[in-house]
Structure formats: C-alpha cells, structure tokens
Amino acid sequence: MSVTRSSRTPGLADRELFRGSTPAVARRLLGAWLVHDEAGERIAGRIVEVEAYLSRADPASHSHGGPTARNASMFLAPGHAYVYRIYGMHHCFNVVTGRKGIGEAVLIRALEPLEGLETMVSRRGRARARELCSGPAKLVQALGIGPRHDGLDLVGGALRIELAAEPIGDVTIRAGPRVGISKAVDLHLRFAIAGDPWLSRP
DNA sequence: GGAATGATGTACT
DNA sequence: GTACATCATTCCG
C-alpha cells in the first residue's frame, strides 16, 4: 500500500510543548505526529484536526463540574493522556495541557495515517484510507488506544507525540466551533489544517 | 433509585 | 440525510 509520507524527521516532544495557553498548544499540535509503539510495531499519523477544552469556566469541558472519577486524568500535569468513553461504545483521546490541576486538554480529532497502515486497516475493518483516522473515535481504534492509556504520561512513553521539524504556518490553520457539543458553541476552539483531505469534516 | 445525556460511528434510505 | 446502537456518568428526587 503506498501512502504519502513526510520527508521531515519527527522529533520527540518534551513537556514544555503542552504547557501554557491551551488554544495555543492546540494550534501547535497540528502537524505533529501521534505515535504508538506496540509489540515492535510503529503506528503513527500526523495530527490535522484538534479541539481545545478549557478549565471549569468552559461549559463544554468535562472539567466544568470539577474533578470526578471519570475526568481525574484531566487534572494531571500537562503531557498526560485523558481517555474517556463516549456514547457507551467509543473512546476519545486527549492530551492534558495548560497547567497542572486546572483540567484543560486538547482532543485529537483526526490524523493523516502514515505508518502501520496494515494494522490500522485490520483494526478498523475497512480498507479505505479516508476512513481510518477521520474522527476522534476512529483514530483511537486505529492506533490501538484504549482505557488502559488513561492517565499515562505521553512524554517518553510508548504512546507519544513527535514534533515535525517545521511547525505549520498560522495562515494554514482554520478555527471554528467545536463538533458535537451543545454549549459554548460561539467559542471557536476547533482547529484544523485548512483544506487538508484527512479531516473528520471540512 | 431512576432518567437523561453525550467531545460518535455505522448502516441504511 | 436520518435512524440507531449502547452504557458510564451525572443529576435530580
């Protein structure tokens, strides 16, 4: 199976990447790679779409009501994973961002599939590349992410973020309302690489 | 204890 | 484009 592949060599992200303003971190994550090393195989994709979820003041954020058993991982230090179950049957993957203890995170919504394509296809049960990682629950399934990754440290782990050599330019980023929420629809906290063919929706 | 709801995906019309 | 699967968490009484 042939795929487009970036010639740039990704580099490991350190914890600083995840600190600071969560919308700024969300923008910075576009173009970075999400990588999962498992059983000697490398499954990876390039992040093309994300959403920022802020602290208690953000009514659409899971941390809105304060810490609970479910959202506990959101209050860990930046760079940890927050994995939760949605609609009783899917899981979504977030990276904790901002500052420890405030409950902010970036939801990864879509990837351009780059490595481990065969494994992704077998996990997803469909061969069309466009359907492998074009949605938060799809990419979680394709990369083999699950509830066991909730709360894990992404810095230096088997599941991690790797930075592209050059960040993408701000002009290529589009912002818009977050998907699937009913509150704070006026906030434009969904960020995507403009015109990218791998988005969950245009 | 009970009911509503959800950061979705898939199948089908 | 619309319907529906499916269940933990949350909120209300």
Side-chain angles (χ1 to χ4, degrees), chain A residues 18 21-27 29-30 32 34 45 47-76 78 80-98 102-113 119-152 154 159 161 173-193 196-202:
Chain A
F18 308 107
S21 150
T22 289
V25 174
R27 290 170 164 272
L29 287 176
L30 291 175
L34 179 59
I47 300 171
V48 297
E49 180 181 344
V50 297
E51 284 177 358
Y53 285 88
L54 308 184
S55 59
R56 309 193 52 138
D58 176 5
S61 175
H62 284 177
S63 61
H64 180 56
T68 64
R70 175 174 72 145
N71 66 19
S73 299
M74 275 189 96
F75 294 86
L76 296 173
H80 288 256
Y82 170 44
V83 178
Y84 66 92
R85 176 183 283 273
I86 187 164
Y87 296 126
M89 57 197 106
H90 303 299
H91 293 274
C92 293
F93 170 77
N94 302 249
V95 186
V96 178
T97 57
I102 63 174
E104 299 197 337
V106 172
L107 169 72
I108 310 299
R109 284 195 57 88
L111 304 176
E112 172 186 357
T119 300
M120 289 188 187
V121 168
S122 68
R123 285 194 175 127
R124 294 276 302 126
R126 41 199 32 75
R128 294 194 29 203
R130 219 50 76 68
E131 297 176 1
L132 291 179
C133 297
S134 57
K138 295 180 185 176
L139 69 90
V140 157
Q141 188 184 13
L143 268 72
I145 298 172
R148 69 187 180 284
H149 294 99
D150 184 43
L152 292 190
L154 300 172
L159 180 63
I161 305 275
I173 299 180
R174 279 265 196 296
R178 292 172 289 185
V179 174
I181 56 163
S182 53
K183 297 166 215 161
V185 182
D186 51 310
L187 295 180
H188 287 190
L189 292 174
R190 171 176 177 249
F191 305 103
I193 297 178
D196 194 281
W198 303 99
L199 304 181
S200 69
R201 44 185 309 183

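Side-chain N or O atoms of A/R109 include none that pairs as donor or acceptor with a backbone N or O of A/S200 at under 3.5 Å. At least one donor-acceptor pair closer than 3.5 Å links the side chain of A/E51 to the backbone N or O of A/V179. Side-chain atoms of A/E104 do not come within 3.5 Å of backbone N or O of A/G98 as any donor-acceptor pair. Side-chain atoms of A/S61 come within 3.5 Å of backbone N or O of A/L54 as a donor-acceptor pair.
Minimum atom distance to the side chain of A/I181 is reached by B/dA7, of the listed B/dG9, B/dA7, C/dT6. The side chain of A/N94 lies closest to B/dA7, out of B/dG9, C/dT6, B/dA7. Checking C/dT9, B/dG9, B/dT8 against the side-chain heavy atoms of A/R70 singles out C/dT9 as nearest.
A straight line from NE2 of A/H91 to C1' of C/dT6 spans 12 Å, rounded to a whole angstrom. Taking atom CG on A/L107 and atom P on B/dG6, their separation rounds to 16 Å, with Å as the unit. With rounding to whole Å, A/K138 atom NZ is found 11 Å from B/dA11 atom P. Between the CD atom of A/E49 and the C1' atom of B/dA7 there is a distance of 11 Å, given to the nearest Å. In this structure, A/H64 atom NE2 and B/dA7 atom P are separated by 12 Å, rounded to whole Å. A/M74 has its CE atom 16 Å from the C1' atom of C/dT10, to the nearest Å. For A/H90 and B/dA7, the NE2 to C1' distance is 12 Å, given to the nearest whole Å. A/N71 has its CG atom 7 Å from the P atom of C/dT10, to the nearest Å.
Contact annotation: A/R85 does not reach the phosphate of C/dT6 (side-chain N/O to OP1 or OP2, under 4.0 Å). The shortest distance between the side-chain N/O atoms of A/T68 and the OP1/OP2 oxygens of C/dT10 is below 4.0 Å. Neither OP1 nor OP2 of B/dG9 sits under 4.0 Å from any side-chain N or O of A/R124. For the OP1/OP2 pair of B/dG6 and a distance below 4.0 Å, the side-chain nitrogens and oxygens of A/S182 include at least one atom meeting the criterion.
Within the 4.0 angstrom heavy-atom criterion, base atoms lie near A/A60. Contacts of A/I86 with the nucleic acid, taken as non-hydrogen atoms under 4.0 Å apart, involve only primed sugar atoms and P, OP1 or OP2. Contact annotation for A/R201: no contact, since no heavy-atom pair falls under 4.0 Å across all strands.
For the residue pair A/N71/A/S63, the side-chain donor-acceptor check at 3.5 Å is not satisfied.
Residue pairs meeting the side-chain hydrogen bond (donor to acceptor under 3.5 Å, both in side chains) criterion with at least one partner in residues 133-143 of chain A, sequence neighbours excluded, are A/R124-A/Q141, A/S134-A/K138.
With hydrogens and angles ignored, no donor-acceptor pair under 3.5 angstrom links the side chain of A/Y84 to the base of C/dA8.
Taking the side chain as every heavy atom from C-beta outward, A/L107 and A/C92 approach each other to under 4.5 Å.
Both A/H62 and A/E131 lie close to DNA chain B; mapped to their nearest nucleotides by heavy-atom distance, the more 5′-ward contact belongs to A/H62.
Of all heavy-atom pairs spanning A/V83 and A/G146, the tightest one is CG1-O, 3.6 Å.
Where stacking is scored as ring centres under 5.5 Å apart with planes under 30°, A/Y87 does not register as stacked on the base of B/dG9.
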### Query
If pairs are Watson-Crick or G-U with both distances under 3.5 Å, what is the dot-bracket string of DNA chain C, marking crossing pairs with [ ] and pairs to another strand with |?
|||||.||||||.
